[in-house]
Amino acid sequence: MKMKNITELKAAMALAQNIVIIPHKNPDGDAMGSTLALHSYLVKKQKNATVITPNDYPSFLKWLPYNDDVVVYENNNQQAKKLISNADLIFTLDFNHLGRCGDLQEPLIANTKADFVMIDHHQQPDDYATYMYSDSSMCSTCEMVYHFIEQMGDLELLTKEIATCLYTGIMTDTGSFRYRSTTSTTHRVIAHLIDAGANNTQIHEQIYDTNTFSKLQLKGVALKNLRLFPEYRTAYISLSQKELNDHNFKKGDTEGFVNIGLSIDNIIFAVIFIENENEEIIKMSFRSKGDFSVNQFARNHFEGGGHDNAAGGKSDLNMSETIEKFMTILPQYKKELLDS
Ligand code: 5GP
Ligand code: MN
């Protein structure tokens, strides 16, 4: 684990009275798993700690241990601000710059007395944190939280609750242990988590087998809207706000849809464009196989970023203009797409 000043952090943790733990906006399985695991660990160490999310998250994550203690900033503005201003240690998990937590960044920046700790696996991290554990070779922030607890000399404190949260985030961020960031160490960590009480079958079922009928119908629309460009080894899907509304869209319902394109033979670059009328943006997810960096693509063209093989971005244009922009850019990458 590459954190230079771990001894100092141990001392800061011992002294801290009030700790807050923050995931990125629109938290996913890794963000919720890592923050709730850290919460359980700090509670076990008899620390006063609270997870504050910038906004709400999918219901398929709401069974996680200590979920009921989470404070959602967009719903509990005042409570969250108070907790943040009283904090003397702030953990930020699964993101690399404060802009990734939306409006929550303002109260965070306003607290100048607290030390920040970053635990994250995204590339090109900002340097706002006093204690920084950043490693883009890691499959998930959850695996990093495991190594963090290991480094603190506290693996014997690994409870069923911690193990369950960590298993969840490792599973969701590795596409169930298949992406190339999954290592033999990841599997050894997973083995330990199962030994510590994580119920692997139950976790898989709670995340992946809790679909609603309308979500599956929406997936049907996504399949119908799939477009293929074999000459660029690219596929995209679009979903309009109307299509979402017609299928009773709930947060998390489109999770994983972007991967549909990547499952087609010879396709290595997949995109989903999702209209968000509320925020007046088109939200995009990018996925790739091999060496084509969607992190770079998202940074270059769509105000986004992420990892080499999984990134996100956005556009202020409307849907057809956004797709037109994308299709205009694509030829620049033809050689890279064909060679990777
Ligand atoms: P997803 O497509 O599942 O929303 O996100 C894929 C990855 O890209 C995640 O690691 C996520 O944190 C990152 N990501 C998603 N949207 C954005 C964005 O707008 N900006 C940046 N910098 N990263 C993003
Ligand atoms: Mn992650």
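Computed over heavy atoms, backbone and side chain alike; hydrogens, waters and symmetry mates excluded. In listed order, ligands and their atoms are each counted from 1.
- The side chain of R100, and not its backbone, has at least one atom closer than 4.0 Å to an atom of ligand 1 (non-hydrogen atoms only; side chain from C-beta on).
- Between A163 and A196, the shortest heavy-atom contact is CB-CB, 3.9 Å.
- In this structure, atom 10 (O) of ligand 1 lies nearest to the protein heavy atom H122 NE2, 2.7 Å.
- In this structure, the protein non-hydrogen atom closest to atom 6 (C) of ligand 1 is R287 NH1, 3.6 Å.
- Each ring-ring contact (aromatic ring centres under 6.0 Å, His included) pair with one or both residues in residues 41-67, not counting sequence neighbours, appears once here: H39-Y66.
- Near S285, meaning under 4.0 Å from one of its heavy atoms, ligand 1 places the atoms 1 (P), 2 (O), 4 (O).
- Relative ring orientation between F302 and F326 is described as tilted, the plane-to-plane angle lying within the 30° to 60° band.
- Counting protein heavy atoms only, atom 15 (C) of ligand 1 is closest to G312 CA, 3.4 Å.
- Atom numbering of ligand 1 starts at 1 in the shown order; those under 4.0 Å from a heavy atom of G306 are 8 (O), 13 (C), 23 (N).
- Using a 4.5 Å heavy-atom cutoff, the side chains of F91 and V20 are not in contact.
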| request: Given side chain to side chain donor-acceptor pair (under 3.5 Å), test Q296 with D308 step by step and report yes or no. | output: CA-CA 7 Å; Q296 216 45 57; D308 283 341; over 6 Å; no

| request: Mind running side chain to side chain donor-acceptor pair (under 3.5 Å) on Y146 and H192 for me, showing each step along the way? | output: CA-CA 10 Å; Y146 177 93; H192 188 189; 2.5 Å; yes

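- Between L64 and T168, some side-chain heavy-atom pair lies under the 4.5 Å cut-off.
- Considering only heavy atoms from C-beta on, P54 stays 4.5 Å or farther from E74 through its side chain.
- Shortest contact from atom 7 (C) of ligand 1 to any protein heavy atom: A310 O, 3.6 Å.
- Taking a cut-off of 2.8 Å, the protein N, O or S atoms nearer than that to the Mn ion (ligand 2) are D30 OD2, D94 OD1, H121 NE2, D173 OD2.
- Annotation for ligand 1: atoms under 4.0 Å from non-hydrogen atoms of H307 are 10 (O).
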| request: Take D265 and R233 through the salt bridge (Lys or Arg N to Asp or Glu O under 4.0 Å) test and state the conclusion after the steps. | output: CA-CA 9 Å; D265 189 27; R233 305 178 77 190; over 6 Å; no

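- Relative ring orientation between Y167 and H204 is described as perpendicular, the plane-to-plane angle rising above 60° on a 0-90° scale split at 30° and 60°.
- Proximity of M284 to ligand 1, defined as any heavy-atom pair under 4.0 Å, is not found for any part of the residue.
- Distance check: D103 CG to K25 NZ gives 6.5 Å after rounding to the nearest 0.5 Å.
- Taking distance alone, with nitrogen or oxygen atoms compared against 3.5 Å, F286 stays at or beyond that limit from ligand 1.
- For atom 23 (N) of ligand 1, the closest non-hydrogen atom of the protein is G305 O, 3.0 Å.
- Side-chain contact check for P331 versus K334: every heavy-atom pair is 4.5 Å or farther apart.
- If you number the atoms of ligand 1 from 1 as listed, the ones under 4.0 Å from a heavy atom of K283 come out as 16 (N), 17 (C), 18 (C), 19 (O).
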